[in-house]
Amino acid sequence: MQINNMINIERAFKRTERLMGNSFELTIVADDEMWAQQKMEMAVNEIRRIEKLFTTFDESSQTNRINANAGIAPVKVDLEVYQLIERAMRISSITDGAFDLTYGSVDKKLWNFDRTMDRLPDAETAKSMVRLINYQNIILNPENCTVMLKEKGMRIGFGGIGKGYAAEMAKALLKKEGAQSGIVNASGDLTTWGNQPNGEPWTIGISNPDHAKTPFSYLNVTDMAIATSGNYEKFIKINGKKYSHTINPKTGLPVTGIKSVTIISPNAEIADAMATPVTIMGISAGLDMINQINYLGCIIIDDNNKIYTSKNINLK
């Protein structure tokens, strides 16, 4: 009598989808492939739902309605949108404005990063272009659940926090549906829970900024999130110097000196949102801030490939 067919062996099942303008890879551990695929389909639909709320590529999205009414009128939004903006503003406060949803106010003519740029804008022009970036000019009304941008021309965008939020929401749905272990990877902003099929923690590679597909270090994690912001993804070179696509909202000029920042956190939304401001704040101020927040870890690689870490990280 054959009994092999009755033995359920857990495996890791994967699905990759283009969502929110990025590649999302979902992994869940299960002993039934059909069940796993059904649950991953639910997670994909959840990310699509979130994308509709926060995209700037759909005129009817709540984000675009807020932007269209800048300086004119408050816009009623879903509680989910309101609460994410509220949390984003708290991160802006913690980072002294280095993280700011209103970065969307920067004119695309200033920085297009299409590799045809051959010179920097002058400092005065850049400064004048960022005058509308100010998270303190987002007016929230908790009673009516409305959002208003105080100045005409202001724009919000969720590029610095949206992927992490979507990954965290997909993870919550999968856990609720009974997936004991898995990973949601939103183009490098990823969140994990449980363990691999062999019972070991998930092994996550941290990108080498000079060779993005080759990790320079590995972390064994479970129930943790990791996000990396780096100039290896999008940059321009002017007179042989590399300029990151990350713009300092106070100067309007691109950040230099740091190749990549990796944040380790229990929450993907926070990891995603904190990676860019550390890049903007610089090594000393960035690490000082991270060291004051108990549950965050940070790894920075500078332009000379020197590695800096927060006090709770020990790289082997």
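This one's a predicted model, so the numbers in the text were calculated from it and none came from an experiment.
- Contact detail for D100 and Y135: the closest heavy-atom pair is OD2-N, 2.9 Å.
- The nearest pair of heavy atoms linking L174 to M40 is CD2-N, 4.2 Å.
- The shortest heavy-atom contact between I50 and M20 is CG2-CE, 4.5 Å.
- If you take CD1 on I313 and CD1 on I307, they are separated by 12.0 Å, rounding to the nearest 0.5 Å.
- For R48, the salt bridge (Lys or Arg N to Asp or Glu O under 4.0 Å) partners are E17, not counting sequence neighbours.
- Put simply, the side chain of P74 does not reach to within 4.5 Å of the side chain of N141, judged on heavy atoms.
- For the atom pair T279 OG1 and I300 CD1, the distance stands at 7.5 Å (nearest 0.5 Å).
- A side-chain donor-acceptor contact under 3.5 Å links S60 and D58.
- A donor-acceptor pair is defined here as one N or O able to donate and one able to accept, closer than 3.5 Å; no such pair exists between the side chain of N304 and the backbone of D302.
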Inset, instruction - Please step through side chain to side chain contact (heavy atoms under 4.5 Å, CB included) for the pair N195 and E200, ending with a clear verdict. - result: CA-CA 6 Å; N195 294 305; E200 296 289 319; over 6 Å; no
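- The environment of NZ in K250 is crowded: more than 12 heavy-atom neighbours from other residues, nucleotides or ligands sit within 6.0 Å.
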Inset, instruction - Decide yes or no on side chain to side chain contact (heavy atoms under 4.5 Å, CB included) for V261 and C298, but give the supporting numbers first. - result: CA-CA 7 Å; V261 170; C298 179; 4.0 Å; yes
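- Not a single donor-acceptor pair under 3.5 Å links the side chain of T27 to the backbone N or O of F13.
- Neither side chain, N144 nor K76, offers a donor N or O lying under 3.5 Å from an acceptor on the other.
- Through side-chain heavy atoms spaced under 4.5 Å, either directly or across other Ile, Leu, Val, Met, Phe, Trp or Tyr residues, L79 is tied to no other residue.
- Counting heavy atoms from C-beta on, the side chains of I183 and T192 come closer than 4.5 Å.
- Contact annotation: the side chain of M289 never approaches that of D96 to less than 4.5 Å [non-hydrogen atoms, C-beta and beyond].
- When side chains are defined from C-beta on, Y82 counts as touching P142, because their heavy atoms get closer than 4.5 Å.
- Counting heavy atoms from C-beta on, the side chains of R15 and I28 never come closer than 4.5 Å.
- Within the 3.5 Å criterion, the main-chain N or O of D78 finds a donor-acceptor partner in the side chain of Q62.
- When each of N67, T56, T55 is checked for a side chain to side chain contact (heavy atoms under 4.5 Å, CB included) with S61, only T55 meets the rule.
- Between atom NZ of residue K39 and atom NZ of residue K175 there is a gap of 16.0 Å, rounded to the nearest 0.5 Å.
- Atom CD1 of I138 and atom CD of E86 lie 11.5 Å apart (nearest 0.5 Å).
- The shortest side-chain heavy-atom distance between I258 and Y308 does not fall under the 4.5 Å cut-off.
- Closest approach of D189 and T228 over heavy atoms only: OD1-N, 3.8 Å.
- Here the closest non-hydrogen pair linking S265 and A271 is CB-CB, 4.0 Å.
- When all heavy atoms are compared, the tightest approach of E151 to A70 is O-CB, 3.5 Å.
- The hydrophobic side chain of F57 is isolated, with no ILVMFWY side chain under 4.5 Å apart from it.
- Distance alone, capped at 3.5 Å, places no donor-acceptor pair between the W202 side chain and the M224 backbone.
- Qualifying ring-ring contact (aromatic ring centres under 6.0 Å, His included) partners for F24, counting only residues two or more places apart in sequence or in other chains: none.
- Taken to the nearest 0.5 Å, the OG1 atom of T63 stands 9.5 Å off from the CZ atom of R155.
- Between the side chains of S187 and S23, no donor N or O sits under 3.5 Å from an acceptor N or O.
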Inset, instruction - May I have the step-by-step check of side chain to side chain contact (heavy atoms under 4.5 Å, CB included) for N137 and T102, ending in yes or no? - result: CA-CA 9 Å; N137 285 335; T102 63; over 6 Å; no
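- Although no hydrogens or angles enter the test, the distance criterion places a donor-acceptor pair under 3.5 Å between the side chain of E168 and the main chain of A268.
- We find the SG-CG distance between C145 and L140 to be 9.0 Å, quoted to the nearest 0.5 Å.
- Around the CD atom of Q180, the shell of radius 6.0 Å holds no more than 12 heavy atoms that belong to other residues, nucleotides or ligands.
- Taking Ile, Leu, Val, Met, Phe, Trp and Tyr as hydrophobic and joining them when side-chain heavy atoms fall under 4.5 Å apart, one finds M148 in a cluster with I139.
- Linking Ile, Leu, Val, Met, Phe, Trp and Tyr whenever their side-chain heavy atoms come within less than 4.5 Å leaves V29 and L173 in two separate clusters.
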Inset, instruction - Could you give me the CA-CA distance, side-chain angles and deciding distance for I280 and V255, then say whether side chain to side chain contact (heavy atoms under 4.5 Å, CB included) is met? - result: CA-CA 6 Å; I280 290 165; V255 173; 3.8 Å; yes
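- If you run side chain to side chain contact (heavy atoms under 4.5 Å, CB included) between I66 and each of L149, T146, L101, only L149 comes through.
- The main-chain N or O of D31 is never found under 3.5 Å from a side-chain atom of E10 such that the two would form a donor-acceptor pair.
- Under the salt bridge (Lys or Arg N to Asp or Glu O under 4.0 Å) criterion, R11 pairs with no residue, sequence neighbours left out.
- Hydrophobic clustering of Ile, Leu, Val, Met, Phe, Trp and Tyr side chains at less than 4.5 Å, counting indirect connections, keeps M42 apart from L26.
- Residues Y165 and F158 form no side-chain contact, since every pair of their non-hydrogen atoms from C-beta on lies 4.5 Å or further apart.
- Within the 4.5 Å cutoff, no side-chain heavy atoms of E80 are placed close to those of L84.
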